[in-house]
**Q** 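Quick one: the structure is below, and I'll ask about it shortly.
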Amino acid sequence: MRLSRYFLPTIKENPSEAQIASHRLMLRAGMIRQGAAGIYSWLPLGLRVLKKIENIVREEQNRAGALEVLMPTIQSSELWEESGRYDDYGKEMLRIEDRHGRNMLFGPTNEEMITDIFRREIHSYKDLPKNLYHIQWKFRDEIRPRFGVMRGREFLMKDAYSFDLTPEEGVNSYNAMFVAYLRTFARLGLKAIPMRADTGPIGGDLSHEFLVIAETGESEVFFHKDFEGMESLVDFPADAEGLQAIVNEWTTPYAATEEMHSEDDCPVEGNNLIRGRGIEVGHIFFFGDKYSKPMKASVQGPEGEMLNVQMGSYGVGVSRLVGGIIEACHDENGIVWPEAVAPFKIGLMNLGAKNEECTAFCDVLYAELEEAGIEVLFDDTKDGAGAKFKNMDLIGLPWQVAVGPRGLKNGVVELKNRKTGEKEELTKEALLAKFTA
RNA sequence: CGGGGAGUAGCGCAGUCUGGUAGCGCACUACACUGGGGGUGUAGGGGCCGCAGGUUCAAAUCCUGUCUCUCCGACCA
């Protein structure tokens with residue numbers, strides 16, 4: 001992509017409303033613009049990141065056997081009246097009336113809707129287990145939206161719902177999602193720690209929150225230092241025992257958010273306990289028949305008996321992850337994207353935009369990188385070199401390639417690693433070889 | 001929802017107390033210089049001072065109402 005044709009409105013000064021790094025940087029890097037409190041438009045650069053995260057989440061859901069569907073954003077109140085949550089949910093639910101006076105709502109979650117889909121179509125134990133998910137915009141009318149996309153009112157969420165015949169099989173579905181989450185966050189370049197969680201309004205008795213450790217996290221967390229050495233990009237096991245083994249491994253060391261932590265009962269002694277801050281990016285629940293019972297989602301078992309299905313739900317805050325990743329990955333100059341979610345892999349800068357030779361060289365290099373299938377953002381504008389460097393640092397692409405008349409005299413370009421700051425001079429051929437190997 | 005703060009050019013802000021025809025920096029446009037870390041100069045364009053009423057010869061400024069944004073607290077992916 002040529003920057004001259006792109007839409008990348010970066011801001012030099014800090015917008016006054018942004019308090020935390022990720023919000024500030026997302027505005028400055030031209031990723032988002034606010035529409036109303038907690039509601040954002042995604043500009044091209046931000047959308048590329050959002051889509052990359054979404055795809056990694058999708059791939060890992062698919063790997064774990066979940067099936068993608070897409071449910072609407074607007075729901076009818078009827079199903080919610082049936083589950084009893086229409087009155088319980090309170091003002092967080094945005095209620096809308098259509099032209100016929102029917103009560104509609106902008107979905108804050110989809111348990112009722114997915115349960116309805118399930119019960120209409122699935123009537124036999126032979127069709128279990130099933131795990132259905134979608135990646136869709138939700139709306140929760142938070143009392144106080146803040147921190148940009150980390151705590152917006154409208155947000156993109158992956159939510160999956162599992163259906164099993166027995167509690168044991170339900171726990172297995174839960175375990176599969178647990179492992180899928182470990183893999184997902186690892187692939188996103190994050191250190192996320194599962195913590196036993198309060199089940200809150202969704203209910204149930206088995207639940208874990210996944211928290212990304214970052215200095216600016218919203219909640220205080222306590223965890224055993226053993227977590228620091230654990231590898232979360234595990235191979236996805238083929239059977240239930242394998243899943244349970246990984247879950248056991250990851251739930252054995254102590255980890256708790258502040259609500260669940262108590263200094264008196266904490267089993268970890270001083271030096272082994274790490275106190276930090278975390279951002280909740282995923283939450284999984286197993287809640288048995290809490291919804292299947294009132295909503296009559298049952299199947300006929302092998303003996304002909306009617307059994308309420310055992311359900312679980314599994315959320316990932318996809319849009320929140322954009323902010324969460326930035327909180328964990330930035331420095332004083334801007335964002336430092338992990339490669340897996342970077343909007344482009346390479347930022348190519350023409351430092352001699354008025355020098356014909358230099359420009360011709362860049363055009364060829366750009367074409368060759370594109371040809372090799374590498375995502376490259378080419379700053380072909382006439383801005384000064386300083387401005388180009390500052391902008392590239394701000395938007396945080398993993399690799400910067402600076403091409404200027406000075407280096408070209410010696411036949412080299414400069415490659416900089418955004419994260420480490422390491423620079424090396426190399427020929428065009430060496431550069432291409434490095435990225436196409 | 002309780003308690004604070006703020007709405008003046010795209011962004012960041014001054015001006016409001018003490019009413020008198022709207023300003024600064026950055027950004028933007030043109031030209032020239034510059035060209036490896038947000039460079040320099042000259043000349044420009046852009047604002048119903050959040051909105052609605054009121055007071056006054058005169059309102060960004062005073063009064064009333066209203067909307068929005070934001071910070072702290074209790075709640076959430």
Side-chain angles (χ1 to χ4, degrees), chain A residues 9-20 23-24 27-28 30 33-39 57 89-93 108-110 135-160 181 192 197-202 207-212 218-219 257 259 278-285 313-324 333-334 349-355 358-359 379 381-394 400-409 412-414 416 421 423 425:
Chain A
T10 57
I11 301 170
K12 206 152 97 176
E13 293 174 90
N14 279 326
S16 62
E17 76 267 21
Q19 298 300 306
I20 61 166
H23 189 194
R24 217 161 44 223
L27 290 167
R28 287 194 53 206
R33 287 295 182 261
Q34 179 166 312
I39 300 176
V57 170
Y89 219 94
K91 289 193 164 181
E92 274 203 353
M93 181 190 283
T109 179
N110 289 70
I135 299 175
Q136 177 64 292
W137 292 91
K138 307 274 190 297
F139 193 93
R140 292 184 192 167
D141 200 358
E142 297 284 345
I143 295 167
R144 190 181 158 214
R146 57 183 134 173
F147 304 148
V149 299
M150 300 258 290
R151 188 119 158 245
R153 291 193 290 173
E154 189 180 48
F155 56 96
L156 187 63
M157 181 175 170
K158 184 284 300 181
D159 42 325
Y181 278 30
D198 192 359
T199 52
I202 295 181
S207 176
H208 285 90
E209 294 178 340
F210 287 75
L211 288 104
V212 172
E218 291 185 78
S219 44
T257 57
E259 307 87 62
I279 301 162
E280 187 184 348
V281 291
H283 202 158
I284 59 180
F285 301 87
S313 78
Y314 315 91
V316 170
V318 177
S319 50
R320 165 179 280 196
L321 272 166
V322 180
N333 295 315
M349 289 174 276
N350 180 1
L351 302 182
K354 290 191 179 162
N355 175 311
C358 187
T359 299
D379 189 344
T381 66
K382 304 240 182 320
D383 290 344
K388 292 188 177 183
F389 280 117
K390 289 288 185 191
N391 243 331
M392 277 299 172
D393 283 349
L394 175 63
Q400 296 175 9
V401 176
V403 179
R406 204 168 80 188
L408 286 190
K409 274 183 202 150
V412 295
V413 300
E414 184 186 275
K416 182 179 119 176
K423 297 175 183 174
E425 296 201 322

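First the proteins, then the strands, lettered A, B, ... as listed; each starts at 1.
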**Q** Please pick, from B/G12, B/G38, B/G37, the nucleotide with the shortest atom-to-atom distance to any side-chain atom of A/Glu17.
**A**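 The answer is B/G12.
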**Q** Measure from the side chain of A/Phe155, starting at C-beta and using heavy atoms only, and say which of B/C1, B/A77, B/C76 lies closest.
**A**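 Minimum distance to the A/Phe155 side chain belongs to B/A77.
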**Q** When you measure only distances, ignoring hydrogens and angles, does the side chain of A/Lys382 come within 3.5 Å of the base of B/U34 through a donor and an acceptor?
**A**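 In this structure, the two groups form no donor-acceptor pair.
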**Q** Going through the distances and angles, do A/Asn110 and A/Gln136 end up as a side chain to side chain contact (heavy atoms under 4.5 Å, CB included)?
**A** CA-CA 10 Å; A/Asn110 289 70; A/Gln136 177 64 292; 5.8 Å; no
**Q** To the nearest angstrom, how far is A/Asn350 atom CG from B/G37 atom P?
**A**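 These atoms are roughly 15 Å apart.
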**Q** For RNA chain B, whose closest nucleotide is more 5', that of A/Ser16 or that of A/Lys390?
**A**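 Closer to the 5' end of RNA chain B: A/Ser16.
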**Q** Could you pull out the closest heavy-atom pair between A/Tyr181 and A/His283, with the gap in Å?
**A**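 In this case the closest contact between A/Tyr181 and A/His283 is CE2-N, 4.2 Å.
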**Q** CG of A/Leu351 versus P of B/G39: gap in Å, rounded?
**A**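 From A/Leu351 CG to B/G39 P: 15 Å.
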**Q** Which nucleotide, B/G38, B/U70, B/C75, lies nearest any side-chain atom of A/Ala37?
**A**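 Of the candidates, B/U70 comes closest.
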**Q** Answer with yes or no whether the side chains of A/Asp393 and A/Gln400 bring together a donor and an acceptor at under 3.5 Å.
**A**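 There is such a pair between these side chains.
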**Q** Work out how far the P atom of B/G23 is from that of B/A9, and round it to whole angstrom.
**A**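 Approximately 13 Å lies between the P atom of B/G23 and that of B/A9.
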**Q** So does A/Arg146 reach the base of B/C69 with its side chain, donor to acceptor, closer than 3.5 Å?
**A**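 Result: no qualifying N/O pair found.
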**Q** Where the side chain of A/Glu13 is concerned, which of B/G36, B/C11, B/C75 is the nearest nucleotide?
**A**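 From the listed options, B/C11 comes nearest.
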**Q** When the C1' atoms of B/A60 and B/C1 are considered, how many whole Å apart are they?
**A**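 Comparing C1' positions in B/A60 and B/C1 gives a spacing of 33 Å.
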**Q** Check every strand shown and say whether A/Ala353 touches a base, only sugar-phosphate, or nothing at a heavy-atom separation below 4.0 Å.
**A**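 Here A/Ala353 touches no strand at all.
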**Q** Of the candidate nucleotides B/C75, B/G38, B/A74, which contains the atom at the shortest distance from the side chain of A/Ile143?
**A**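 The answer is B/A74, which lies nearest to the side chain.
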**Q** Quick check for you: among B/G36, B/G38, B/A77, whose closest atom lies nearest to any side-chain atom of A/Arg140?
**A**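 Shortest atom-to-atom distance from the side chain points to B/A77.
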**Q** Could you check whether the side chain of A/Arg144 and the base of B/G4 have a donor-acceptor pair of N or O atoms closer than 3.5 Å, going by distance alone?
**A**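 Result: no qualifying N/O pair found.
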**Q** If you check the A/Phe285 side chain, which of B/C13, B/A77, B/C69 turns out closest?
**A**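 Looking only at side-chain atoms, A/Phe285 lies closest to B/A77.
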**Q** With rounding to the closest Å, how many angstrom separate the P atoms on B/G38 and B/U21?
**A**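 Here B/G38 and B/U21 have their P atoms 41 Å from each other.
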**Q** Would you mind classifying the nucleic acid contact of A/Gly352 as base, sugar-phosphate or nothing, using non-hydrogen atoms under 4.0 angstrom?
**A**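 Touches nothing.
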**Q** Establish, from distance only, whether the side-chain atoms of A/Thr359 and A/Asn350 form a donor-acceptor pair under 3.5 Å.
**A**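 Result is yes, a qualifying pair exists.
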**Q** Which whole number of Å gives the distance between the C1' atom of B/U16 and that of B/A32?
**A**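 Here B/U16 and B/A32 have their C1' atoms 42 Å from each other.
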**Q** For the side chain of A/Glu92, starting at C-beta, report the closest nucleotide among B/G36, B/G37, B/C75.
**A**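 So the side chain of A/Glu92 is nearest to B/C75.
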**Q** Rounded to whole angstroms, how far apart are CG on A/Asp383 and P on B/C28?
**A**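 The distance from CG of A/Asp383 to P of B/C28 comes to 8 Å, rounded to the nearest Å.
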**Q** So does A/Lys388 get a side-chain nitrogen or oxygen closer than 4.0 Å to the phosphate oxygens (OP1/OP2) of B/G36?
**A**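 So the side-chain polar atoms of A/Lys388 never come under 4.0 Å of the phosphate oxygens OP1 or OP2 of B/G36.
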**Q** Hey, what do you get for CD (A/Glu280) to OG1 (A/Thr257), rounding to the nearest 0.5 Å?
**A**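 The CD atom of A/Glu280 sits 8.5 Å away from the OG1 atom of A/Thr257.
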**Q** Can you tell me the distance, in whole Å, between the CG atom of A/Asn14 and the P atom of B/G12?
**A**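 The distance from CG of A/Asn14 to P of B/G12 comes to 10 Å, rounded to the nearest Å.
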**Q** Using the C1' atom as the reference point in each nucleotide, state the distance between B/G45 and B/G5 in Å, no decimals.
**A**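 34 Å, rounded to whole Å.
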**Q** Among the nucleotides B/U34, B/C1, B/G36, which one has an atom lying closest to any side-chain atom of A/Lys354?
**A**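 Taking heavy atoms from C-beta onward, the closest nucleotide is B/U34.
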**Q** What's the gap between B/C57 and B/C62 when it is taken at their C1' atoms, as a whole Å value?
**A**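 B/C57 and B/C62 have their C1' atoms separated by 16 Å.
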**Q** What is the distance from CD of A/Gln19 to C1' of B/C69, rounded to the nearest Å?
**A**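 Taking CD of A/Gln19 and C1' of B/C69, I get 12 Å after rounding.
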**Q** If I take atom CZ in residue A/Phe147 and atom P in nucleotide B/C76, what distance separates them, rounded to the nearest angstrom?
**A**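 For the pair A/Phe147 CZ and B/C76 P, the rounded distance is 15 Å.
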**Q** Give the intermediate values and the outcome of side chain to side chain contact (heavy atoms under 4.5 Å, CB included) for residues A/Arg151 and A/Glu218.
**A** CA-CA 10 Å; A/Arg151 188 119 158 245; A/Glu218 291 185 78; 3.2 Å; yes
**Q** Among B/U70, B/C76, B/C11, which is the nearest nucleotide to the side chain of A/Gln34?
**A**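 Minimum distance to the A/Gln34 side chain belongs to B/U70.
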**Q** Quickly work out the A/Ile39 CD1 to B/U70 P distance and round it to whole Å.
**A**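 My rounded result for the distance is 10 Å.
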**Q** Mind running side chain to side chain contact (heavy atoms under 4.5 Å, CB included) on A/Thr109 and A/Arg140 for me, showing each step along the way?
**A** CA-CA 9 Å; A/Thr109 179; A/Arg140 292 184 192 167; 3.9 Å; yes
**Q** Answer with yes or no whether A/Lys12 presents, from its side chain, a donor or acceptor under 3.5 Å of a partner atom in the base of B/G38.
**A**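 For A/Lys12, whose side chain was compared with the base of B/G38, there is no donor-acceptor pair (under 3.5 Å).
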**Q** If you look at every strand shown and take non-hydrogen atoms under 4.0 Å, does A/Gly152 touch a base, only sugar-phosphate, or nothing?
**A**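 Answer is base: heavy atoms of A/Gly152 come under 4.0 Å of a base.
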**Q** Distance between the C1' atoms of B/U61 and B/G4, in whole angstroms?
**A**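 After rounding to an integer number of Å, I get 23 Å for this pair.
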**Q** Measure CZ/A/Arg33 against P/B/C11 and give the value in whole Å, please.
**A**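 Atom-to-atom, A/Arg33 to B/C11, this comes out as 9 Å.
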**Q** Should B/C17 form a Watson-Crick or G-U wobble pair with both distances under 3.5 Å, which nucleotide is its partner?
**A**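 No nucleotide pairs with B/C17.
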**Q** Please check: side-chain N/O of A/Arg153 versus main-chain N/O of A/Ala37, any donor-acceptor pairing under 3.5 Å?
**A**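 Yes; at least one donor-acceptor contact below 3.5 Å.
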**Q** Taking the P atom of each, how far is B/G47 from B/U8, in whole Å?
**A**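 Nearest-Å result for B/G47 against B/U8 at atom P: 15 Å.
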